[in-house]
Q: 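This structure is in structure tokens; I'll ask about it shortly.
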Amino acid sequence: MADAEILERVKSVLGITGVFLDNTISLYIDEVVCYMQHAGVSDDMISASVGLIARGVADLWNNSSGDGKLSPYFYDGVTQRALCSKAVT
């Protein structure tokens, strides 16, 4: 389940209030964070990337069946953060 602070910050970025969609948004956050981890983004960099996580959630949250795709902006952001993560370690 998504970290409570990240969940609240992502909801704020996306303009979502209340708790009705928390489970859905948490699942998308988990998918985005997993993608970032497997791309080589450090946990510290992921925690500092709420805007990018929100972009990934928004990309995946598409109500058209089968059209949920990650945007070029998301891919570029993950690539940049993975490179920065490697430079720091």
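In what follows, residues are counted from 1 in the order of the sequence shown. Keep in mind it's a predicted model, so treat the numbers as computed, not measured.
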Q: When rounded to the nearest 0.5 angstrom, what distance separates OH in Y35 from CD1 in I46?
A: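 Going from the OH atom of Y35 to the CD1 atom of I46 covers 12.5 Å.
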Q: Would you name the heavy atoms of V41 and V78 that are closest together and state the gap between them?
A: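 Taking every non-hydrogen atom into account, CG2-O, 3.7 Å.
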Q: Would you indicate whether the side-chain heavy atoms of F74 and K69 approach each other to under 4.5 Å?
A: no
Q: To the nearest 0.5 Å, how far apart are CG in D44 and SG in C84?
A: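 The CG atom of D44 sits 13.0 Å away from the SG atom of C84.
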Q: What's the spacing between I29 CD1 and C34 SG if we round to 0.5 Å?
A: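 Those atoms lie 13.5 Å apart.
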Q: Distance-only criterion, 3.5 Å: show the donor-acceptor pairs between side-chain atoms of residues 4-16 and protein atoms not counting sequence neighbours.
A:
unit_1	atom_1	unit_2	atom_2	d
K11	NZ	G18	O	2.4
K11	NZ	D22	OD1	2.7

Q: If you group Ile, Leu, Val, Met, Phe, Trp and Tyr by side-chain heavy-atom gaps below 4.5 Å, do V19 and L27 land in one group?
A: no
Q: What side-chain donor-acceptor pairs closer than 3.5 Å can you find for residues 47-59, not counting sequence neighbours?
A:
unit_1	atom_1	unit_2	atom_2	d
S47	OG	D43	O	3.1
S49	OG	M45	O	2.6
S49	OG	R81	NE	2.8
R55	NE	D59	OD1	2.9
R55	NH2	D59	OD1	2.8
D59	OD2	S71	N	2.8
D59	OD2	S71	OG	2.7

Q: Would you sort out whether I25 and W61 count as a side-chain contact (heavy atoms from CB on, under 4.5 Å), showing the intermediate values?
A: CA-CA 8 Å; I25 296 167; W61 192 351; 3.7 Å; yes
Q: Main chain of S42, side chain of S85: is a donor-acceptor contact present, judged purely on distance under 3.5 Å?
A: yes
